Student: 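Pasting a structure here, questions to come.
Here is how names work: the chains are called A, B, and so on, in the same order as the sequence lines, proteins then strands, and each is numbered from 1. Just so it is clear, the model here is predicted, and its values are computed rather than measured.
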Protein chains: 2
Amino acid sequence: MQAELLKKCTDAGIRMTAQRSLIIETLLESDDHPDADRVYRRAVERDQSISLPTVYRALNLFEGAGIIKKINMNDGKARFEPVRNDHDHLIDADNGHIHEFQNKELKKILDSIAKEMGYEVIEHRIEIVGRRNGESNCDCIQIKVY
Amino acid sequence: MQAELLKKCTDAGIRMTAQRSLIIETLLESDDHPDADRVYRRAVERDQSISLPTVYRALNLFEGAGIIKKINMNDGKARFEPVRNDHDHLIDADNGHIHEFQNKELKKILDSIAKEMGYEVIEHRIEIVGRRNGESNCDCIQIKVY
DNA sequence: GTAGATGCAAATCTTTTGCTCGCCC
DNA sequence: GGGCGAGCAAAAGATTTGCATCTAC
């Protein structure tokens with residue numbers, strides 16, 4: 001898994017350094033969509049010498065290479081996750097927890113909407129903000145619940 | 001249209017001032033989803049004395065009252081628009097232009113996804129990033145093209 | 001060896017806040 | 001009249017940048 005990402009990096013012509021691979025490792029072990037500062041604090045636990053600007057530079061670099069994805073909760077900071085099988089987010093309005101889901105029907109609809117407007121989908125950002133309602137019989141492919 | 005928004009404000013117990021109504025007017029006349037600074041620059045053209053903090057305070061106030069909506073392009077600043085009939089955004093990857101659309105099927109899918117995960121949809125954020133592909137026969141309700 | 005990466009400090013940019021004065025209801 | 005809003009200046013928080021040094025290839 002980590003080797004896979006490292007390969008993606010070298011394929012993208014990204015020079016691999018101790019800091020960068022530590023940042024990748026940190027992201028892979030984080031299942032909570034950390035912001036840059038949180039990535040930094042986790043990384044610095046293992047390598048005292050790593051710095052926040054390096055984290056920012058690496059995250060931007062990785063994002064540009066399509067290796068990680070920037071996501072946007074409305075909290076004023078960018079959050080990051082490795083690009084995995086494409087999924088979207090449902091955010092619990094009461095506690096902020098992020099649930100991931102995957103739904104083919106949804107993607108088809110997006111494609112057809114874009115097509116109707118003369119466009120082809122390159123990417124999409126979808127966040128549902130929801131509130132628990134008791135019943136819960138998950139039929140869509142729910143990847144993870146944090 | 002503007003009267004309508006002003007009424008929404010007073011209904012929400014928002015005290016109306018010259019600055020606030022100027023900000024509302026500015027938003028209504030902007031069809032490009034301006035960020036706070038752009039709202040400020042447009043407003044200051046008409047009232048030299050208005051200040052940026054006032055714009056921020058007003059925008060936050062309006063957002064809290066459900067009168068305007070904050071939207072999040074991945075550019076690090078919050079952008080705003082009056083709450084109109086619910087719609088979503090398609091962003092042209094090449095020139096950044098924002099197209100708005102409305103699609104009932106999409107909403108139904110979101111509802112059912114949330115329901116399957118035990119949630120009820122409170123709100124959603126959807127952005128499609130797309131690239132023109134020549135053909136363009138818009139069947140979905142496209143509200144505006146900027 | 002050299003282009004590119006890092007750390008540090010400081011700048012930049014967006015957004016928020018403290019405070020005093022002024023205005024809406 | 002009194003509380004809430006506005007402007008100003010400054011703080012706070014997130015992110016970026018300049019520069020000297022170090023390192024991967």
Side-chain angles (χ1 to χ4, degrees), chain A residues 3 5-27 33-65 67-80, chain B residues 6-27 33-65 67-80:
Chain A
L5 270 202
L6 293 180
K7 182 166 183 324
K8 268 199 196 176
C9 288
T10 48
D11 285 355
I14 292 177
R15 189 185 288 208
M16 197 43 54
T17 65
Q19 292 87 336
R20 288 178 180 172
S21 65
L22 172 55
I23 289 166
I24 286 178
E25 202 177 318
T26 303
L27 281 172
H33 308 85
D35 58 57
D37 187 62
R38 199 173 302 247
V39 172
Y40 166 68
R41 287 201 304 261
R42 284 177 190 164
V44 87
E45 282 176 20
R46 303 214 202 146
D47 176 357
Q48 295 288 326
S49 77
I50 201 170
S51 73
L52 186 54
T54 295
V55 171
Y56 272 103
R57 281 190 272 233
L59 291 175
N60 286 338
L61 185 69
F62 295 159
E63 198 211 358
I67 290 157
I68 64 174
K69 213 173 141 190
K70 189 187 281 192
I71 52 187
N72 231 312
M73 326 256 307
N74 273 346
D75 65 351
K77 17 189 178 178
R79 306 173 66 150
F80 298 87
Chain B
L6 292 179
K7 181 166 185 319
K8 267 199 198 178
C9 287
T10 48
D11 286 355
I14 292 178
R15 187 187 288 205
M16 197 42 54
T17 66
Q19 291 87 336
R20 287 177 182 174
S21 65
L22 173 55
I23 290 166
I24 286 179
E25 202 177 320
T26 304
L27 280 173
H33 309 82
D35 57 58
D37 187 62
R38 199 174 302 247
V39 172
Y40 166 67
R41 287 200 304 259
R42 284 176 191 164
V44 87
E45 282 175 19
R46 302 213 202 146
D47 176 355
Q48 296 287 326
S49 77
I50 201 171
S51 74
L52 185 55
T54 295
V55 170
Y56 271 102
R57 281 191 270 235
L59 291 175
N60 285 339
L61 186 68
F62 297 159
E63 198 211 358
I67 290 157
I68 64 174
K69 211 173 143 191
K70 189 186 281 194
I71 52 186
N72 231 312
M73 325 255 308
N74 273 346
D75 65 352
K77 13 187 180 182
R79 305 172 68 152
F80 298 87

Student: Side-chain N or O of S51(A) versus OP1/OP2 of dT6(C): is the shortest distance under 4.0 Å?
Tutor: no
Student: Let me confirm one number: the CG-CZ distance from D35(A) to R41(A), rounded to the nearest 0.5 Å.
Tutor: 7.0 Å
Student: Would you sort out whether H33(B) and M73(B) count as a side-chain contact (heavy atoms from CB on, under 4.5 Å), showing the intermediate values?
Tutor: CA-CA 10 Å; H33(B) 309 82; M73(B) 325 255 308; 6.0 Å; no
Student: Under 3.5 Å, is there an N or O donor on one side and an acceptor on the other linking the side chain of R15(A) and the base of dA24(D)?
Tutor: yes
Student: For dT6(C), does either OP1 or OP2 sit under 4.0 Å from a side-chain N or O belonging to T17(A)?
Tutor: yes
Student: Any N/O pairs under 3.5 Å between the protein and nucleotides 13-15 of chain C? List them or say none.
Tutor:
unit_1	atom_1	unit_2	atom_2	d
dT14(C)	OP1	K77(B)	NZ	3.1
dT15(C)	OP1	A78(B)	N	3.0
dT15(C)	OP2	Y56(B)	OH	2.3
dT15(C)	O5'	Y56(B)	OH	3.1

Student: Among residues 40-50 of chain A, which residues get a heavy atom nearer than 4.0 Å to DNA chain C?
Tutor: S49(A), I50(A)
Student: Can you measure I24(B) atom CD1 to dG5(D) atom P for me and round it to whole angstrom units?
Tutor: 13 Å
Student: Side chain of R57(A), base of dG4(C): donor and acceptor closer than 3.5 Å?
Tutor: no
Student: What distance do I50(A) atom CD1 and R42(A) atom CZ have between them, rounded to the nearest 0.5 Å?
Tutor: 14.0 Å
Student: Taking C-beta and beyond as the side chain, do V55(A) and V44(A) meet within less than 4.5 Å on heavy atoms?
Tutor: no
Student: Quick one: closest heavy-atom pair of M16(B) and S21(B), and the distance?
Tutor: SD-N, 3.7 Å
Student: Identify whether any heavy atom of R20(B) sits under 4.0 Å from a base atom; if not, whether one sits that close to sugar-phosphate; answer base, sugar-phosphate or nothing.
Tutor: sugar-phosphate
Student: Which distance, rounded to the nearest 0.5 Å, do you find between the OH of Y56(A) and the CG of D37(A)?
Tutor: 6.5 Å
Student: Rounded to the nearest angstrom, tell me the gap between atom CE in M16(A) and atom P in dA3(C).
Tutor: 21 Å
Student: Rounded to whole Å, please give me the gap between CD1 in I14(B) and P in dC24(C).
Tutor: 17 Å
Student: Is any side-chain heavy atom of R20(A) less than 4.5 Å from a side-chain heavy atom of C9(A)?
Tutor: no
Student: To the nearest 10 degrees, how far apart in direction are the end axes of the helix from dG1(C)-dC25(D) to dC25(C)-dG1(D), each fit to five base pairs?
Tutor: 50°
Student: Whole-Å distance between dA5(C) C1' and L61(A) CG?
Tutor: 10 Å
Student: Once you round to the nearest 0.5 Å, how far does CD1 of I23(A) lie from OG1 of T54(A)?
Tutor: 6.5 Å
Student: Go through the steps to decide whether I67(B) and I14(B) satisfy the test side-chain contact (heavy atoms from CB on, under 4.5 Å), and finish with yes or no.
Tutor: CA-CA 11 Å; I67(B) 290 157; I14(B) 292 178; 4.0 Å; yes
Student: Would you say Q19(B) places a side-chain N or O within less than 4.0 Å of OP1 or OP2 belonging to dG7(D)?
Tutor: yes
Student: Separation of L59(A) atom CG from dA5(C) atom C1', in whole Å?
Tutor: 15 Å
Student: Please report, rounded to the nearest Å, how far the C1' atom of dT15(D) is from the CD atom of E63(A).
Tutor: 13 Å
Student: Walk me through whether F62(B) and I24(B) qualify under side-chain contact (heavy atoms from CB on, under 4.5 Å).
Tutor: CA-CA 9 Å; F62(B) 297 159; I24(B) 286 179; 3.6 Å; yes
Student: Using the side-chain contact (heavy atoms from CB on, under 4.5 Å) rule, take L59(B) and L27(B) through it: C-alpha gap first, then chi angles, then the decisive distance, then the call.
Tutor: CA-CA 10 Å; L59(B) 291 175; L27(B) 280 173; 3.9 Å; yes
Student: Between R57(B) and P53(B), is any pair of side-chain heavy atoms under 4.5 Å apart?
Tutor: yes
